[in-house]
Colleague: 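Submitted below is the structure of interest, expressed as C-alpha cells.
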There are 2 protein chains.
Amino acid sequence: MAKKSKRELAALGSATQDVSLTLADVAKRAGVSPITASRALNRPELVNEATRKRVLETVQTLGYVPNLLAGGLASSKSRLVAILLPTINHSLFSTAVQAMMDRLTEAGYQSLLGSTGYSAKKEEILLEAILGRRPDGVVLTGTLHTESSRRRLASAGIPVVEAWDLGDSALDMQIGFSHEQVGQHIAQHFFAKGYRDFAVITADDPRGLRRTNSLVSQLKQLGITHTLVETLPLPATWQVGREGLRRLLKRNSRPQLVICSSDILALGVLAEAASMNLHIPDDLAVLGFGNITESEFAYPALSTVSVNAPEMGRQIAEALLGRFADKTCNLKLRVDTGFTLLERFST
Amino acid sequence: MAKKSKRELAALGSATQDVSLTLADVAKRAGVSPITASRALNRPELVNEATRKRVLETVQTLGYVPNLLAGGLASSKSRLVAILLPTINHSLFSTAVQAMMDRLTEAGYQSLLGSTGYSAKKEEILLEAILGRRPDGVVLTGTLHTESSRRRLASAGIPVVEAWDLGDSALDMQIGFSHEQVGQHIAQHFFAKGYRDFAVITADDPRGLRRTNSLVSQLKQLGITHTLVETLPLPATWQVGREGLRRLLKRNSRPQLVICSSDILALGVLAEAASMNLHIPDDLAVLGFGNITESEFAYPALSTVSVNAPEMGRQIAEALLGRFADKTCNLKLRVDTGFTLLERFST
DNA sequence: AGCTTGACTGATAGCGCTATCAATATAAGA
DNA sequence: TCTTATATTGATAGCGCTATCAGTCAAGCT
C-alpha cells in the first residue's frame, strides 16, 4: 500500500529519477498499455513512431530504469555473458577481455566476471552462482579445474566459448590458437637463427606446459637433446620470473636463450638479469609470451609471442552475438586466431 | 506443455543436471511445498533438520541450480554488487578489487564489473545497464565523469561505497585515504632526507593531480618554489612514463627525484632511465604510487606509496555486507585506510 | 459489400521465485 | 485444563516484465 502510493507520487510529481518506478508507471503516464511501453523500449520496430517517441520521452522525464531481472525472467534472456578468468589481477587475458566486453556492452550485454582462482572448490561454487544468473553465454579463458565443472557447463545448455586454445574436446565453440604450434615455431625460429642452448621458465599451468613440451620435443628433433626446464608454481609474477632465472643459473651452464611461459615471467627475468648485470641479449636472450602492453616498452623491449588478443576478444564477442541472434549459427565454430613471433630487443 | 513434460521427465529420471529444473520440481520430489524447499536453501534455520537434509539431497541428485533472476525479482535482493572501474586492464585497483570480490563471493554475492572507460557517454549507458540489474550495492573506484551519473547513483537508493578517496561530497560511504596527505607527506619526507630538486610525472587524472598540487604547495612552504610537472594524458602506461621522463630531461635541469602518479608510470621511468644508462637512485631517484605487485620485484625495487589495497578491498566488502544486513548501519561511514611510504631501492 | 492484408495495440497469463500471513502440532506455563 | 509460546510447514499473492494470442482499424483488392 505504502509502496503503491509512493510510486504514484513519483509518477505524478516531476521527479527525474526514482528507485522503484515500473514500466506500468511509464505506460500509464504515456497513455499506453504496459506491453506497448515494453515494445517501445525493446522492439521499437513494432511500435508507431509517435507512440514510441512519447514513451521514450516519458522514460526520460521519469528517469525510469528497466528492471532487467524481471525482463530476464520473463523472456529467459538475461543479456548477461559470464567470463571466467583464472584471476582478475595481472591477467594475460585482460586485453582480450577488455575488447570482448567493449563489443558486448555495445550490443547491450553485460559481463559477469568470475575469477576461478586456484581452488577447485571455489570454482564449483562460482560456477553454480554464475549459472544461477542464467547467463546467455559463457566464456572460458583459463582452464577449468574439474571435469565436473566442465560437464556442468556443457549441460547448462548455453553457448560456451573456450578461448585461448584449440583443444580436442571442445564443449562448444573454440577461438584461440594452438599452443603446440607456438612451441614448435619458437624452436624452429631460434634454431634457425643459430641458437643452440635453450632453457625454459614456465609456470605450472597446463597450456604453458603444452607449449614447453612441444618446444622441447621440436628441439630434440633438431638435435638438441637437452633443454633445461624450470617449472614454478602459479601465479606467474615478476617474483617467480626472478626466482626462475636464479635457479636456472645455479645449474650448470648459462643458456643462450630463456623462453618464458608468459611476459610477466619474462619481465621478472629481465629484472633479475639487470640485477646481475647481465647484458641482454648478448649475455642472455629472453623471450616472453602473450605480448602484454608493458612488454613493448620494457628495456630492453621484450621479444615475445603475440596472440592478437584484441582481435580474439572481438571474435569471441561476435561468435556469441551470432549465436544469440541465431541459435544454430557458429555451431561447431573453431577459429584459429594464430600468433606472431615479435622480435624486439631481448633476443 | 512440451516444456512441462520435459521437466517432469528430468525430475523422474535420474538426470544429474538439467537446464530448466525449477524449485517446484525439487519440492515435489522431496515431498515438500515449494516454499519449504526455498527456505531449506535460503533460510535453513527455519526448516527442520531432516526436511532440510532431504531437500538438499534432492537438489544434489537433480543438479538443480536456483534461478537467481527469479529469486532476485521476488525478494528484491539481487545479491549483486556492481564495481565501477576506469579500466579493467592494468588497474591500480585490481588488488583491492580482487580482495573485495573474494570476500563478497564468500558471502554469496557476485560482482558485476563495469569499466567506465574514458567516455562520459559510455559511462551513462553502462550505469543505466548496471542499475537495471538492481544491484544491492555499488562500489566506485575511479571517479565518475559526469555529475548526472553521480546523481543517478545517489538516487538509486542503494548503498554506494566510494573507494580510494575521502572527498567532501560523499554520496554515501567512503573508504580510502587523503590524496592531499599523500602529496604533503611525500614532500616533507624527501625534503627532510635532503632532496631539493623535485619533478613530477602525472597522468591527467583528478586524484593524481590532487596529490601533485598538494605536493607542490607543500614544497613551496618548505622554500622550494619551482617544481617541474609533466602532465600526460590517460591511460597511464609504461609508454607514457617513458615519454614523461624524456620530456622532463629535455627541459633544463635534471631533477634529483621524479615523483610519479602511479607505479606504472614509474616503471616506465625506470625503463627509460635504464635505456639512457642513468643509474638509479644516484643519477635519478624515482618514486611510484600504489605499490602494485610488480614494484617490489622491479630492478631496482621501486620505492612507492602503499595504500594497503587488500585491506581496503576487505573493508569495502565488509561495509557493504554490514549495510546489507542492517540498512541503518555504516550510515555515514568514512574510513581512512591510510598509506605508507615504502622506500626500497629507487630512492 | 465482403474479404484480406498489414500496422498497430492490448488482455491475459505466466517466468521462478519469495514475502506474508495462516495453519498445524507440540511443548511450556499458569 | 486452558492459554501461550515455539517450531515447522503451507497457501496465496505477487515481484516487473514479456510471450502469445487476440483484437482493432484503415487501406487495398475483388
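Protein chains get the first letters and strands the later ones, always in sequence-line order, with residue 1 at the start of each. Everything numeric in this text was worked out from a predicted model, so none of it was measured.
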Colleague: What is the distance from CG of B/Asp25 to C1' of C/dC15, rounded to the nearest Å?
Modeller: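 Between C1' of C/dC15 and CG of B/Asp25: 14 Å.
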Colleague: Grab the N/O contacts between the protein and nucleotides 17-23 of chain D below 3.5 Å, and write none if there aren't any.
Modeller:
{"unit_1": "D/dC17", "atom_1": "OP1", "unit_2": "A/Tyr64", "atom_2": "OH", "d": "2.2"}
{"unit_1": "D/dC17", "atom_1": "OP1", "unit_2": "A/Asn67", "atom_2": "N", "d": "3.3"}
{"unit_1": "D/dC17", "atom_1": "OP2", "unit_2": "A/Leu23", "atom_2": "N", "d": "2.4"}
{"unit_1": "D/dT18", "atom_1": "OP1", "unit_2": "A/Asn42", "atom_2": "ND2", "d": "2.4"}
{"unit_1": "D/dT18", "atom_1": "OP2", "unit_2": "A/Ser38", "atom_2": "OG", "d": "2.3"}

Colleague: Consider salt bridge (Lys or Arg N to Asp or Glu O under 4.0 Å). Of A/Glu123, A/Glu128, A/Glu124, A/Glu147, which one does A/Arg152 pass it with?
Modeller: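 Checked A/Glu123, A/Glu128, A/Glu124, A/Glu147 against A/Arg152; only one passes salt bridge (Lys or Arg N to Asp or Glu O under 4.0 Å): A/Glu128.
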Colleague: Which whole-number value in Å describes the distance from B/Leu46 CG to D/dT8 C1'?
Modeller: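 It is 9 Å, rounded to the nearest whole Å.
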Colleague: With nearest nucleotides of DNA chain D determined for B/Leu73 and B/Glu49 from heavy-atom distances, which residue corresponds to the more 5′ nucleotide?
Modeller: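 The residue closer to the strand's 5' end, by nearest nucleotide, is B/Glu49.
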Colleague: Is B/Thr51 near enough to D/dT8 that one of its side-chain N or O atoms lies under 4.0 angstrom from OP1 or OP2?
Modeller: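 The answer is no; no side-chain N or O of B/Thr51 sits under 4.0 Å from OP1 or OP2.
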Colleague: Side-chain N or O of A/Thr36 less than 4.0 angstrom from OP1 or OP2 on C/dG10?
Modeller: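 For C/dG10, OP1 or OP2 has a side-chain N or O of A/Thr36 closer than 4.0 Å.
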Colleague: Taking CZ from A/Arg133 and P from C/dG16, how many angstroms apart are they, rounded to a whole number?
Modeller: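 Distance check: A/Arg133 CZ to C/dG16 P gives 17 Å.
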Colleague: Aromatic rings A/Tyr109 and A/Phe324: how do their planes relate, parallel, tilted or perpendicular, breaks at 30° and 60°?
Modeller: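 Judged by the thresholds at 30° and 60°, the geometry between A/Tyr109 and A/Phe324 is parallel.
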Colleague: Charged N to carboxylate O under 4.0 angstrom, B/Lys332 versus B/Asp172?
Modeller: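 Salt bridge: no.
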Colleague: Are B/Arg54 and B/Glu57 within salt-bridge range, i.e. N to O under 4.0 Å?
Modeller: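 Salt bridge between B/Arg54 and B/Glu57, a charged N being under 4.0 Å from a carboxylate O: no.
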Colleague: The helix from C/dA1-D/dT30 to C/dA30-D/dT1: angle between its terminal axes, five pairs each, to 10°?
Modeller: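 About 50°, once rounded to a multiple of 10°.
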Colleague: Separation of B/Asn48 atom CG from D/dT6 atom C1', in whole Å?
Modeller: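 The answer, rounded to whole Å, is 13 Å.
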